[in-house]
Each structure stands twice: as structure tokens, then as C-alpha cells.
Amino acid sequence: MAERYNINETEKKWRSVWDERQSFKVTEDRTKDKYYVLEMFPYPSGRIHVGHVRNYTLGDVVARYRKAKGYNVIHPMGWDAFGLPAENAAIERGLHPGAWTRSNIVQMKDQLKSMGLSIDWEREVATCEPDYYRHEQKMFLDFLKAGLAYRKESMVNWDPVDNTVLANEQVIDGKGWRTGAPVERRRLSQWFLKITHYADDLLGGLSTLERWPEKVRIMQENWIGKSVGLQFKWNVQGANETIEVFTTRPDTLFGAAFLALAPDHPMSEKLAGGKEGFAEFRRKCQAQGTSEAAIEQGEKFGFDTGYTATHPLLGREVPVYVANFILMDYGTGAVFGVPAHDQRDLDFARKYNLPVRPVVIPEGADPASFEIGKEAYVGPGRLANSQFINGLSVDDAKADIIRRCEEAGTGFGTTQYRLRDWGISRQRYWGCPIPIVHCGNCGVVPVPEDQLPVTLPDDVTFDKPGNPLERHPTWKHVKCPTCGKDARRETDTFDTFFESSWYFARYCDAQNPNAAFGKEKAEYWLPVDQYIGGVEHAVLHLLYSRFFTRALRDCGYLDIAEPFAGLFTQGMVTHETYQDQAGKWLYPTEIEKTADGKVIKVDDRSPVTVGPSIKMSKSKKNTIDPQDILDTYGADATRLFILSDSPPERDLEWTEAGVEGAWKFVNRLHRAVTENADGFAAKDAPKPATFGENATRLRQAAHRAIAGVATDVENFHMNKAVARVRELANALFAFTAATDDERWALREGYESLVRIINPMTPHLAEELWSELGHTTPLVETPWPQAEEALLVSNTVTLGVQVNGKLRASITLAKDADQKVAESAAMEDANVQRAIEGKQVRKVIVVPNRIVNVVVS
RNA sequence: GCGGGCGUGGCGGAACGGUAGACGCAACGGACUUAAAAUCCGUAGGGAGUAAUCCCGUGGGGGUUCAAGUCCCCCCGCCCGCACCA
């Protein structure tokens, strides 16, 4: 009797084998195809969470599978180590952000290692270390030279108590999250990267990203928000002012019923500032909140300035309103309203009794009688009621109006993007210092490259509000690099998206002290073949990285535009929620499920209300600590469960029973191999010349599993891959070998099984592989070859339908003649009965699939 | 409001337009055990029938087709994203 499988010891053993053999260390090898597997690197919060486990398990399956397939696989890991939580720890617990972060990294690295990931740890990076961030300071200087970085004033959320700038998510109901003080809007001079320079390229590049989820590409497309249209002027009557508007529908100019300005448009103040009710109106707009979704439900309303405006081409006056649904940030902050052809304008016009004049008439409608009801007409058609453009199509009319405005000098065709330049200044300590000096003489002076890196001072305190760099007694006082006079260091640091915008390139040459990365190495490894992470980074991180790659290319660092050739976005991990009688949330560890199906509290045995499975969150306490799971069930069972229950792109419902099921399978497989060794052929037994029926059937199961798991893994159908593995396992468990060919097939079957589970449960696979007598570890063993001949069987079972209803099934030789199939189907007793007394009108035979007898 | 996605047993989920429910979880019956756990064998969409077999079933309603979970139209529900983007 074999000993019970000691999961923890065995897993540890194989990890040290991989370590000793440096199994995952890679270097450039031009004789092989490279494959770059990357999971989004973690923020070192201290402990891994289930989302990490899912993310890294998926990546590891891909990495180990590709390695077995013969690719030169790079699979690195690192730490997104700058950021706010470290400063919060400093404020709340008196820990230095650096010390806190570094000790977190140590802990989390241990945890990740216990998952058995195939990581090349020699490529590890931590973005908070000067040997990492020095290179991005250099990049910034290069961007500056290339005109891709610039300084301008912009608004920030300012917490007057903490003396600090707040991120949008730190502003709750207009108040600072920590202090509760009303947030002020302040103007600060800040650094920007010119992502808009690449707006069109970033948009166009999306269509080349075939292995990205459609969803993410659409989100980026919407974010970039390209629109082509006309920008032109209206004259305000009696005010000696003009209003510049942008429109994507210049064709509808003659349907204009009003002009509308954003509430914070400078002209709004000029035209309406002193009017009665305007202050009140503005307050109402602000109370509405800035979130588009909030404004959604809100009513559209406006303030009549009393002025009218005219346009030369139009020759008619329209009223000028200030309206709550116009955004200052987009276009020019002013629009002309065409109620007939825009729903918002229509709603607005109905409210203020403005004329609704259709100017685009759908095909087939009569211009004289066409009327707009509750819905604006936004479709195609011919122009009407529009003087010189009557009869033109929408597109022709747009072009004509733009041409006329340009000729008249009152406007021009232009393209607007929603995308805005990336503000990278953060008024914080725990980030990469911006390598700039401010000199009274010379102005803004870049720190010379030979003086990099500008490192963070360690002796900082968090006992007072504000940025410690600003308060530091000496750090910011420097001599100007140009004139040598007293000057002041920039105390802002980079947005932490800066670090994550190029880390994938650093991994290619992680220890290079002289440059961010060697160009040749980057060119060998990049782009990332498979990037895996949460969909929450669909826009910002992924767009910034795409921008960075282009900027680095233009600064001569590398030769590609797109950093990630393939992207996979995983779903969330959810868990049931529990509440006690008083409605207090309970952790899963605080409850117990009794034998009769009740759920009770562990301590006082009182009943517990079970809620739906939702995204894990601290506030609902429906979290589990992956370390507990790893310790109890081992890495393999944890990985197996995570892969088996749901398709990776969908949410995964975490259940203890599910992990337990995976754990049972791990043990069962171990038992099957160790206890049934007598049933196998000897390790090097020659392949029999012929196989009996039983052996062949088993071999078919094995070879189909080999081929099936491969395609499933390549397509990220990990749950299906696991199902196939279990199918093969079931076939093997049920098999008793009586003859030599069967014993050979049984060994082949188990060896195949062990090899195809290797990407999912690598420790178990290694253990069983060695148990089966192999001395070369599986990590160095290629993916098994599926024999084509065994993937097809020589008989097929096909259903027989009568009038589309299944009545029988028949088994035939594969590719049997249609006539054979037809007669076999017609002879079947059930079919006979079903067609009895009816006339057969047609028999449809789809070879190897189905026969359908149509009777009247 | 716009954009995207999803809806299949008690549950998670399978299913090139071609035998719906693979695989698993939970459940039930049995074996082993003094007993339990573990393990093993078996049953299992709903309904009728001793059975053969039949009827009904993929959110709802229509349609296309020899054949629809799958394709088309309308509707309902849920989830995600967003920027009232002119």
C-alpha cells in the first residue's frame, strides 16, 4: 500500500528541483521561436489575493505549455512598487514606505513561489528601486527633447486639511476621503505627456491587435473618441463677441434652433454672468455632479442668455443658451442645437418651445410632410429646407458646408479627439522623482543625464500633512545645473502608470545597469505574445503602454509600436456573502455548514443568512486568503480548481467544495499511478506491433486528450482542458489490462495524462512522471505527439431523425456511403414505426453526422 | 441614454446549424466499516409508462431551415464600460 500523497513535501521537493536545474532561466536563443508570457505585475500590498492566483495560474499554464511545445519561453515577474498604499502605511502605522514595500515584496514572493510558477526570477524588478526608475528619468528627458513632454497649468482636487492633491477616487461626495474637508479646485503647473500626438496612430493600431478582446479594443476606441467635423464661428448680436462651435453634423446647419454653451464656458459668464437666476442655474449644474451617468438620469435644462447669434451662411438668428448637458472639456465647449436630428437637442427644444425643423429626410419620405415626433431622426437621407444644399446626401452636404465655411474664412474642417494629454505630475513622496530643477535664472532645467538618478531621500517624515519632499530640509535645495546658482528641485513625482508603461521591456534585459534595456534584447523578446490581466486596466494602463512603446520607438529605444500582441482579460473571483442575525457581515471562516444543510455561525451556532456570490471585497468580508488554501490543499489542487470551474474570461465562483473536488482528483490520480504499477508495461517495453480493440480504444482516448488539451490551452479554454483530462483519467481508472498490448497502452495512457496535466498541476505531474520511472524531469520533456491515426475512429454513431425529431441512432463505418447510411436508417425498427403509414418525401444524409427522414 | 456582453438541470458549465446537458460540484442508492470519515460501484433535465417507448424542455414571442441553444426580427431580465462627445 503506497503512502498517502504528501502534497506539501512533494511540491516543495519539485520546486527545489526546478530551482537547482534553473529550469526557467532563459536567454536569447535565435535557433528557437521565442514566446513571451506576461501577467500584469502585482502591487506589493503584502499578501496575494485570489485574483493574483487566478491570473498567475493562467499565465503559468500558457508558459509551461509553450515551453513543452519547444518555444524559448520568457516568463518574468516583478513589483509595481510605487504608490499610495505605502504612504498610507507610513501615515497610519509609522512605517517607512520603502521598508514597508520591501518587506511586502519578500512575503509575496514567497507566496508566489509556493504556487509553483515557472518564473525566471533573475529578471525580477521592483519599480521603487533607483536601478529601475533611473531609466525612466532618462526616458522622460528624452521625451522632453522629442517634444513629447511639456508643462502646463491644470486643475487638481486639493484637500485643504491634508495639504495634498487627491485622486478622483479619493474625493467622495465632494469631500476628501480622509479628512472629510470640502475639496477645492486648484490650478497647478504640471507635466504632461503628449499622448494626443499619437491619437490617430493609437486608434489605427487597434485594428492590428487581432488577439485582443473585441471589448477592450472598443473601449479604447471610445476612449480615444475620434470625431471629424467642422469648427466655425457665430457672431453674437449686440455683444461684439463670437462663439466658436464644433460639430460633427455640419450638414444640419440649417436645422439649427439654438446655440448652447457649457456652464463653465468663459462666454457663459460674459453673456449671462450678471443676469438674474444665473448663479442659481450654475449651482444647479454643479449639484448635478460631473459623472456622466449621474447627469444621464438628470433632466436637461438651460439658461437663456437673452442674446442671439448669427452665422453668415445661415443668415438667421438663433437664441444663445447655457445648457447643463454641454461639456467644456470636449470640442470648444459650445454647440449649435438641431432638435430634429439629435435627441438631446430635441428634448431641450421641446422644453423651451424652440422650433423643430427637419433638414434630413429619410429615403422615400416626403419633405413637405415629414415631421419629427418624440424621436430625433439620426439616419441617412437627403437634405431639405437647406437652401443651396437641398437634395444632397448627408455626406455631400457635410463636405459642401465645410468647403463654404473655409472659403468664407469663418470655419474649418477639423478632427477632434476625446483623448487628452496624460498628466504625470503627482504631489507625493513614494514615486519616481521628476528629474527637473527650477532656476530663477534659467527657468525649467532638466537634470543632466550624468547626474541621474535623482533618488528619493530616505529621511522623511509623515507626521505633518503635505508632500514630505516639499518639507525636506535639504533635498530640494540644489544648484542650477546650468548657471550654478541656487535653485529648487522639482518635488513632484511621476504617476505610477509611468513605471508600468515600460516594465515589460525592462524584463528583456532586467539587470542592465547602463540602459533601460538593450535594443537587441528587446527586439528579440518583444512584443509580449500573451499578456494576461484584469479588464480594469482595459483603458489606462494598456493605452499608456501602447503610447509609451511608440514614444520609445521614436526616441530610438526599440522598433515596435505595439507592446502586447495578445491580450487576455480574466474574470473576477466571487464568493458567497454571509450575514448574522444582526446583519453583520461574516468571513467565510466564521461560518459553518451543518450536515442538514443549514448555515450557522461557528462561535454561537446562530443562523446565518447566505447572500449571492459577488466580487470579493473587504467590506462584505466575502474574501478568502489563498495562503490558507495553498497550505491546506497544495498548489496543484488550488490551480486545478481555479482552471476547472469556469471559462477564464468569466467570473469564477469560489467554493470550498470545488477546491476539495480538485484535491480529491489530485490524490486519486496519485493513487492510481502508485498503486497500479503492476498493470503497466515496463518503462522501456517495445511498442507492440498490433493492438487489440480494448487497447486501441484506450489509446484513442489518450491521443484525443493530447490533441484536445493542446487546442484548448491555446484557446484559453482551460475549463474544457480540465474536463478532457478528467475524461481520460476516467477511462484509465476503469481500464484493466489483461494482455501485453493493453499493459503497454495503459502505460502510454498514464504517461500521456501526466504530461498533459503538467501545465496545470506541475508538481503532481513531476512526481508521477518520476514514479513512472523517468529520470529526466517533465519540465524538460516535450509535449507528447498525438498520432493522427488515433484521432479518428473507423466507426461513427449518427442520429436518425424523422421530421427533425430524433428516433434512433445507428453505427456505421466512418465515411460510409450515403446510400448505406440511408438504408441503415430506414431499416431501423424505431424509424420504421415512426414513418409507418406516411409517405417518405426526402431523406437528408449528412455524412458522419445525421440522417433526417422527411415524411408527409 | 449610448456601447459591449450574458441568459442552458439544484449549481458551475459543455455543445463546426446536425443525437442538448461533456466534465465537475451538490444529491440520492449501494459496497466497505462496530460506526463515521475516506474510498469504491451505481442513479440522475421534467413528466407519463412494468417496459419498449412517447411527450415537454436551452429567458419570452415570432421567423428562416429537412434540422435552431446556435442564424434573423421583436420583447424581458441581469452584468460590465462610459464621455449627454455635438
Side-chain angles (χ1 to χ4, degrees), chain A residues 4 213-219 221-223 225-227 229-230 245-250 252 260 290-298 300 323-327 329-338 341-345 347-348 416-420 535-536 538-539 571-572 597 613 640-641 644-647 649-653 655-662 664-665 667-668 671 717 719-727 729-730 733-734 797-810 829-830 833-834 841-855:
Chain A
R4 197 181 174 79
E214 183 72 19
K215 176 171 68 165
V216 175
R217 288 187 297 189
I218 290 170
M219 281 162 83
E221 190 180 321
N222 293 340
W223 189 264
K226 179 179 183 171
S227 46
L230 168 69
V245 306
F246 173 74
T247 181
T248 54
R249 294 295 304 272
T252 62
T290 49
S291 142
E292 75 303 326
I295 301 170
E296 273 327 320
Q297 323 306 347
K300 290 154 187 56
N324 68 332
F325 61 95
I326 307 300
L327 299 178
D329 289 335
Y330 188 80
T332 60
V335 303
F336 69 84
V338 184
H341 304 294
D342 183 292
Q343 192 60 44
R344 290 155 306 172
D345 295 349
D347 295 345
F348 191 82
Q416 288 280 345
Y417 295 90
R418 176 225 180 246
L419 183 68
R420 270 160 253 157
V535 74
E536 66 272 17
V539 177
M572 298 180 302
S613 195
L640 187 64
F641 167 64
S644 64
D645 242 37
S646 294
E649 69 278 11
R650 257 194 250 179
D651 287 355
L652 170 71
E653 190 176 337
T655 62
E656 191 83 3
V659 197
E660 208 152 314
K664 282 182 192 169
F665 180 75
N667 280 290
R668 193 176 178 197
R671 237 181 304 122
H717 297 155
N719 56 327
K720 284 162 69 181
V722 174
R724 283 185 205 277
V725 162
R726 298 190 90 127
E727 260 175 315
N730 289 342
F733 295 159
T797 303
L798 50 175
V800 182
Q801 300 178 328
V802 176
N803 280 354
K805 284 197 176 198
L806 185 73
R807 291 298 176 205
S809 71
I810 52 176
N830 266 331
R833 201 169 23 177
R841 293 182 31 216
K842 198 167 17 165
V843 179
I844 289 144
V845 180
V846 181
N848 302 326
R849 291 205 183 276
I850 206 155
V851 178
N852 192 4
V853 183
V854 185
V855 296

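All chains are named by letter (A, B, ...) in the order of the sequence lines, taking the proteins before the strands, and each is independently numbered beginning at 1.
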* **For A:Lys215, all residues meeting side-chain hydrogen bond (donor to acceptor under 3.5 Å, both in side chains), sequence neighbours excluded** => none

Side-chain heavy-atom pair [X], [Y] within 4.5 angstrom cut-off:
X	Y	answer
A:Phe246	A:Ser227	yes
A:Phe325	A:Asp347	no
A:Leu230	A:Thr247	yes

Using the [atom1] atom on both, measure [N] against [M] and round to a whole Å.
N	M	atom1	value
B:A48	B:G62	C1'	30 Å
B:A44	B:G59	P	24 Å
B:G21	B:G46	C1'	13 Å
B:C11	B:G60	P	15 Å
B:G17	B:C2	C1'	33 Å
B:C56	B:C74	C1'	25 Å
B:G57	B:G45	C1'	8 Å
B:C72	B:U50	C1'	47 Å

About how many Å separate [atom2] of [Y] and [atom1] of [X], when rounded to the nearest 0.5 Å?
X	Y	atom1	atom2	value
A:Arg418	A:Glu221	CZ	CD	13.0 Å
A:Asn848	A:Thr797	CG	OG1	10.5 Å
A:Asn830	A:Leu806	CG	CG	9.5 Å

* To do: Between A:Phe733 and A:Gln801, name the one whose nearest nucleotide on RNA chain B is closer to the 5' end.
  => A:Gln801

* Residue mapping more 5' on RNA chain B - nearest nucleotide basis, A:Pro250 or A:Trp223 -> A:Trp223

* With sequence neighbours excluded, residues passing side-chain contact (heavy atoms from CB on, under 4.5 Å) with A:Asp342 -> A:Arg344, A:Asp345

* Asked: Who are the side-chain contact (heavy atoms from CB on, under 4.5 Å) partners of A:Glu653, not counting sequence neighbours?
  ->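 With neighbours one apart ignored, the set is A:Thr574, A:Ser613, A:Thr655.
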
Identify all pairs in which a protein N or O lies below 3.5 Å from an N or O of nucleotides 51-57 of chain B, and state each distance.
{"from": "B:U53", "atom 1": "OP1", "to": "A:Asn830", "atom 2": "ND2", "distance (Å)": "3.4"}
{"from": "B:C54", "atom 1": "OP1", "to": "A:Arg807", "atom 2": "NH1", "distance (Å)": "3.3"}
{"from": "B:C55", "atom 1": "OP1", "to": "A:Arg807", "atom 2": "NH2", "distance (Å)": "3.1"}
{"from": "B:C55", "atom 1": "OP2", "to": "A:Arg807", "atom 2": "NH1", "distance (Å)": "3.0"}
{"from": "B:C56", "atom 1": "OP2", "to": "A:Lys805", "atom 2": "NZ", "distance (Å)": "2.7"}

Taking atom [atom2] of [N] as reference, at what distance in whole Å does atom [atom1] of [X] sit?
X	N	atom1	atom2	value
A:Arg726	B:C23	CZ	C1'	8 Å
A:Asn803	B:A67	CG	C1'	10 Å
A:Phe348	B:C85	CZ	C1'	17 Å
A:Glu660	B:G24	CD	P	16 Å
A:Asp342	B:C85	CG	C1'	10 Å
A:Leu798	B:G18	CG	P	14 Å
A:Arg217	B:C82	CZ	P	19 Å
A:Glu221	B:C82	CD	P	16 Å

* Asked: Which of these, A:Val854, A:Val853, A:Ile850, sits in a side-chain contact (heavy atoms from CB on, under 4.5 Å) with A:Ile844?
  -> A:Val854

Which part of the nucleic acid, if any, lies within reach of [X] when heavy atoms closer than 4.0 Å are counted: base, sugar-phosphate only, or nothing?
X	answer
A:Thr655	nothing
A:Val854	sugar-phosphate
A:Arg841	nothing
A:Gly225	base
A:Arg344	base

* Asked: Does A:Gly804 offer a backbone N or O that forms a donor-acceptor pair with the side chain of A:Asn852 under 3.5 Å?
  ->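 Looks like yes, one N/O pair under 3.5 Å.
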
* Side chain of A:Glu727: nearest nucleotide among B:U19, B:A22, B:G18? ->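 Of the options given, the side chain of A:Glu727 lies nearest B:A22.
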
* For RNA chain B, the dot-bracket pattern of Watson-Crick and G-U pairs whose distances stay under 3.5 Å, | for other-strand partners -> (((((((..(((.....[....))).(((((.......))))).((((....))))..(((((..]....))))))))))))....

* Asked: Which heavy atom of A:Asp651 sits nearest a heavy atom of A:Met572, and at what distance?
  ->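 Where A:Asp651 meets A:Met572 most closely, the heavy atoms are OD1-N, 3.0 Å.
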
* Heavy-atom pair with the smallest gap, counting every atom of A:Arg726 and A:Gly661 ->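 Of all heavy-atom pairs spanning A:Arg726 and A:Gly661, the closest is NH2-O, 3.9 Å.
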
* **Worked check of side chain to side chain contact (heavy atoms under 4.5 Å, CB included) between A:Leu798 and A:Ile810** => CA-CA 6 Å; A:Leu798 50 175; A:Ile810 52 176; 4.2 Å; yes

* Asked: Would you say B:G24 has OP1 or OP2 under 4.0 Å from some side-chain N or O of A:Asn730?
  -> yes

* To do: Respond yes when some side-chain nitrogen or oxygen of A:Arg418 is under 4.0 Å from OP1 or OP2 of B:C82, and no when none is.
  => no

* **Glycosidic class, syn or anti, of B:G9 using a 90° window around 0** => syn

* Structure fact -> Each nucleotide of nucleotides 2-15 of chain B classed B (base within 4.0 Å of a protein heavy atom), S (only sugar-phosphate) or -, in 5' to 3' order, makes -SS-------SSSS

